[in-house]
Amino acid sequence: MKLSNTTAQNSFKYKWLLSRILPYIKPYWFRILLGFLVAIPLGLLDGVTAFALKPYMDFVIGGKDFVFNHSGFNITVTSLQMAFLLPLGVILFAVFQGVLRYFNGYLSTWTSQRITNDVKFDLFSRLIHMHPQFFDENSSGVIIQRYMSDPGTASNGIVDNVKTITTSIFGALGLIGVMLYSSWKLAFIGVFVLCVAFIPVALIRKRIKSASNKNMVLSGNITTNINETYSGNKVMAAYELQDRMNGYFIEQTWQSFNINMSLYKRAGWMSPLMYLIASFGIAIVLGFGTYLINSGEMTAGSFASFVTSLLLLYKPVKTLGNTLTGIQNIFVAMSRVFELFDLKPEITDCENPLELKGLNDKIEFKNVNFEYIPEHPVLKDLNLTVSKNETLAIVGNSGGGKSTLVNLIPRFYDIKSGSIMLDGVDIREYSIKSLRHNISMVFQDNFLYTGTVRENIMMGNPDASEEDLAAAIKSAHLEDTIAELPDGLETLLGERGLTLSGGQRQRVAIARAMLRNAPIVILDEATSALDNESEAIVQKAMDNLMKDRTVFIIAHRLSTIKNAGRIAVINEGELVELGTHDELLNIENGHYKALYEMQFKKQETPAEIC
C-alpha cells in the first residue's frame with residue numbers, strides 16, 4: 001500500500017473513531033474523568049463576573065444597602081461594604097479558577113502524552129514488522145509523517161479539545177443561567193442567535209479533510225527531501241545539485257502554502273459570518289433591552305449583567321471556526337492513524353508454524369516464480385538445489401534477479417508460485433523468526449546503527465559471551481581496526497557507521513554475522529564496492545565466515561567465484577547455466593564464459609604480466 005494515497009475515508013464516522021481510540025483512553029479514564037470534572041466548575045465560574053455586575057450596578061452604583069431577611073435571619077450590607085466585597089470576591093474567584101485551570105491543564109497534558117506514547121508504541125511495533133516491499137513503495141518522509149506526526153496530532157488534540165469544548169459548554173450553561181436570571185426574554189433571543197451561528201460549521205468538513213490529506217502528503221515529501229539531502233550530501237556536492245534540491249523544497253513549501261490558503265478561502269468566511277450573526281444578536285438585545293429598562297421590566301444592573309454574559313458567551317462562538325477546524329483535522333489524523341493499524345503485513349507466519357533448528361540436508365527451489373509488479377516477472381520457473389555446507393556463487397546480468405533470489409530465502413518477499421524447501425519443508429511453514437535466526441547476511445552496503453562498535457557486533461547474538469565476541473572479531477580481522485579506535489569496542493559510531501571506512505564497515509558486518517553462527521550465510525556482493533586492498537582483507541574474513549556453512553554468494557569479483565563449489569548463472573530471471581568454474585568455461589558460447597571473458601579475464605591480465 002502506498003501511504004501517499006491515503007483517503008482518511010472514516011474521518012466523519014465519529015462513533016467508529018471513538019470505538020478505535022477508546023482502548024487507548026481506558027487505562028487513563030480516572031485522570032480523564034477527573035479532568036472533565038475540573039472542567040465543569042472551570043466553565044461555570046465564567047459567569048461569576050457577569051453575575052457580580054448586577055448587585056454592583058444596583059447597589060454600589062445605585063447607592064442602596066443590600067438587605068437580606070429570611071426566617072428571622074437579617075443581614076444588611078451597605079453600598080460601601082458592597083463596593084469592597086464584590087471586587088474582592090471577583091479576585092478570589094479568579095484565583096480559584098486559575099488553580100483549577102492549571103490543574104486541568106496538567107491533567108490534560110499528562111493524559112494526552114501518555115495516549116500519544118501508547119499509540120506510537122503500537123504503530124512502531126507494527127512498522128518494524130512490515131515486509132521490505134512496504135518500505136520499497138513508501139518514502140521515508142511519508143512514513144515518518146504517518147507513524148510519528150499523525151499520532152501526536154490525533155492523540156494530543158482529542159483530549160485537549162474535548163475538554164475545551166466541555167469547559168465551553170458548561171461555561172455557556174453558566175452564562176445562560178445568568179442571562180435567564182436577568183431576563184428570560186432577552187435570553188431566548190441571545191440563545192436563538194447563538195444556535196443560528198453554528199450552522200456554517202457543518203459546511204466545511206469535507207474541505208478540511210481534503211486539505212489535511214494533501215498537506216500530509218506534502219509534509220512527507222518535504223521530510224523525504226530533507227532526508228535525501230542528508231543521506232546524499234556527497235552526491236549533491238559532487239554533482240552540484242544544491243539548486244535542484246532547493247528548488248524541490250521551495251516548490252513543495254509553496255504547494256503547502258497554496259493548499260492552506262485554498263482552505264482558508266473556502267472555510268475562512270465561517271468565523272466572520274458567525275461574528276456577523278453574533279453581532280446581530282447583540283444589536284437586537286441592546287434595542288430590546290433598552291425597551292425593557294424603560295418599561296420597568298428590568299433594572300440597569302440586570303441589563304449590564306445580561307450584556308456581559310452575552311458578550312462572554314459569544315466570544316468563543318466568534319472563534320469557533322478555528323476550534324472546529326482543528327477538531328476536524330484531529331479526526332482526519334485519527335482516521336489516518338487507524339488506517340495504519342488496519343494494514344496487515346503481507347508476509348506472516350502460518351497457523352501453528354514449525355521451528356527451524358538448523359539445516360540438515362539441502363535447500364531446494366522448485367518452480368519458483370516471483371514478481372514485484374504484477375505481470376512483470378523477475379524470476380521464472382526457477383529450479384535449483386543447494387546441499388548442506390555447499391558454497392554456491394550466483395552471477396548474471398544486472399537486474400537479472402540475483403539479489404531477489406537470495407532475498408526470498410529469509411522471506412523478505414514471498415514467491416508468487418512454486419516453493420522453497422529447507423530439508424523438504426516449505427519455508428512458509430517455519431516461523432519467520434526461527435527461519436531468519438538460521439540465516440546470516442552480509443550486504444554490499446551494510447547498515448551500522450548509531451551506537452558503539454560492540455553494540456553493532458553484538459546485534460548478531462545479544463547473548464554471546466566475551467569469548468565468542470573476541471573470536472568473531474579475530475575471524476573478521478577486526479583486531480587492528482578496533483585497536484586503532486579511540487575507545488576500542490566502546491567507540492561510538494556516527495549515523496550509518498560513516499566514521500568507518502567501507503572495508504571496516506564490511507568487517508564489522510561480517511563479525512556480526514559470525515557471532516550469529518547461523519548455518520546459512522548469504523553474501524550479497526559484499527566486496528563489490530571495495531578497493532583491492534580492502535577486498536583482500538574482507539575476503540579473508542568472509543572465508544572464515546563461510547567455513548562449514550551453506551553459503552550463497554552474489555558474485556562480483558573473480559576470487560569469490562573461484563572459491564565457490566558451483567556457480568549458478570541467472571539471466572533475465574532464469575537459471576541458464578549451473579556448474580563449476582571449469583565446467584562453465586567449457587560451454588561454447590555460454591553465458592558464464594562470455595561474462596568471464598568480458599570481465600574476469602581482464603582482471604587476470606596484470607597478474608599474468610607480473
Q: So D118 and Y28, side-chain hydrogen bond (donor to acceptor under 3.5 Å, both in side chains) or not? Walk me through it.
A: CA-CA 11 Å; D118 290 347; Y28 313 111; 2.6 Å; yes
Q: Got a second to check how far Q133's CD is from D414's CG, nearest 0.5 Å?
A: 10.5 Å
Q: Does a sphere of radius 6.0 Å around OH in Y372 hold more than 12 heavy atoms from other residues, nucleotides or ligands, not counting ones at 6.0 Å or beyond?
A: yes
Q: As an exercise, state the distance from CD of Q252 to OH of Y248, rounded to the nearest 0.5 Å.
A: 9.0 Å
Q: Using side-chain heavy atoms (C-beta onward) and a distance below 4.5 Å, is L127 in contact with L340?
A: no
Q: Looking at every non-hydrogen atom in both residues, tell me the closest pair between D426 and S419 and how far apart they are.
A: OD2-CB, 3.2 Å
Q: Using a 3.5 Å distance criterion without hydrogens, assess whether the side chain of S256 forms a donor-acceptor pair with backbone atoms of T253.
A: no
Q: Taking all non-hydrogen atoms of both residues, which atom of T404 and which atom of F370 are closest, and how far apart?
A: CG2-CD2, 3.4 Å
Q: Give the ring-plane orientation class for F192 versus F188, where under 30° counts as parallel, over 60° as perpendicular and anything between as tilted.
A: parallel
Q: Check the pair S403, D524 against side-chain hydrogen bond (donor to acceptor under 3.5 Å, both in side chains), reporting the backbone distance first and the verdict last.
A: CA-CA 7 Å; S403 293; D524 190 353; 3.1 Å; yes
Q: Return all side-chain donor-acceptor pairs below 3.5 angstrom for residues 453-461, not counting sequence neighbours, or 'none' if the list is empty.
A:
| from | atom 1 | to | atom 2 | distance (Å) |
| --- | --- | --- | --- | --- |
| R454 | NE | E490 | OE2 | 2.6 |
| R454 | NH1 | E466 | OE1 | 3.4 |
| R454 | NH1 | E466 | OE2 | 2.7 |
| R454 | NH2 | E490 | OE2 | 3.2 |
| E455 | OE1 | T452 | N | 2.9 |
| N456 | OD1 | Y449 | N | 2.8 |
| N456 | ND2 | Y449 | O | 2.9 |
| N456 | ND2 | T452 | O | 3.1 |
| N461 | OD1 | D463 | N | 3.2 |

Q: Got I415 and R428 here, is their nearest side-chain heavy-atom distance under 4.5 Å?
A: yes
Q: Is there side-chain contact between I409 and I427, with heavy atoms separated by less than 4.5 Å?
A: no
Q: If every non-hydrogen atom of S434 is compared with every non-hydrogen atom of L354, which pair is closest and at what distance?
A: OG-O, 3.8 Å
Q: Can you check whether A464's main-chain N or O pairs, donor with acceptor, with D468's side chain at less than 3.5 Å?
A: no
Q: Flag the pair L123 / P151 as yes when at least one side-chain heavy-atom distance between them is below 4.5 Å, and no otherwise.
A: yes
Q: Looking only at non-hydrogen atoms, find the nearest pair between F412 and H131 and report the distance.
A: O-CB, 4.2 Å
Q: Can any side-chain N or O of Q506 pair as donor or acceptor with the backbone N or O of F443 at less than 3.5 Å?
A: yes
Q: Would you say the side-chain atoms of T111 pair up with the backbone N or O of L107, donor to acceptor, closer than 3.5 Å?
A: yes
Q: Taking L422's backbone N and O only, do any of them form a donor-acceptor pair with Y430's side chain (distance below 3.5 Å, no angle check)?
A: yes
Q: Roughly how far apart are K120 NZ and S125 OG, rounded to 0.5 Å?
A: 15.5 Å
Q: Taking only residues two or more places apart in sequence, or in another chain, which ones meet R512 in a salt bridge (Lys or Arg N to Asp or Glu O under 4.0 Å)?
A: none
Q: Whether the side chain of N438 engages the backbone of G358 through a donor-acceptor N/O pair (distance < 3.5 Å, no angle test) should be reported.
A: yes
Q: Looking at side-chain heavy atoms only, is the closest gap between I32 and I25 below 4.5 Å?
A: yes
Q: So do V119 and Y147 actually touch side chain to side chain, heavy atoms under 4.5 Å?
A: no
Q: Applying side chain to side chain contact (heavy atoms under 4.5 Å, CB included), run through W29 and L22 and close with a yes or a no.
A: CA-CA 10 Å; W29 68 269; L22 198 58; over 6 Å; no
Q: Residues two or more places apart in sequence or in another chain: which of them pass ring pair (Phe, Tyr, Trp, His ring centres under 6.0 Å) with F338?
A: F341
Q: I need the T491 OG1 to I482 CD1 distance, nearest 0.5 Å.
A: 8.5 Å
Q: So how far is it from K15 NZ to R20 CZ, rounded to the nearest 0.5 Å?
A: 15.0 Å
Q: To the nearest 0.5 Å, tell me how far E137 CD sits from I373 CD1.
A: 9.0 Å
Q: Under 4.5 Å between any side-chain heavy atoms of I473 and V508, yes or no?
A: no
Q: Using side-chain heavy atoms (C-beta onward) and a distance below 4.5 Å, is Y24 in contact with D122?
A: yes
Q: Do you know which two heavy atoms are closest between L17 and M334, and how far apart they sit?
A: O-CE, 3.8 Å
Q: So, using salt bridge (Lys or Arg N to Asp or Glu O under 4.0 Å) as the criterion, who are the partners of R516 when residues are at least two apart?
A: none
Q: Is atom CZ of F135 surrounded by more than 12 heavy atoms (other residues, nucleotides or ligands) closer than 6.0 Å?
A: yes
Q: Would the distance check show the side chain of R436 and the main-chain N or O of P410 forming a donor-acceptor pair, the cut-off being under 3.5 Å?
A: yes
Q: At their closest point, which heavy atom of L343 faces which heavy atom of R126, and how far apart are they?
A: O-NH1, 4.4 Å
Q: Can you name the residues that form a side-chain contact (heavy atoms from CB on, under 4.5 Å) with D423, not counting sequence neighbours?
A: L359, N360, D361
Q: Test of understanding: with side chain to side chain donor-acceptor pair (under 3.5 Å), list the residues that count as partners of N258, not counting sequence neighbours.
A: none
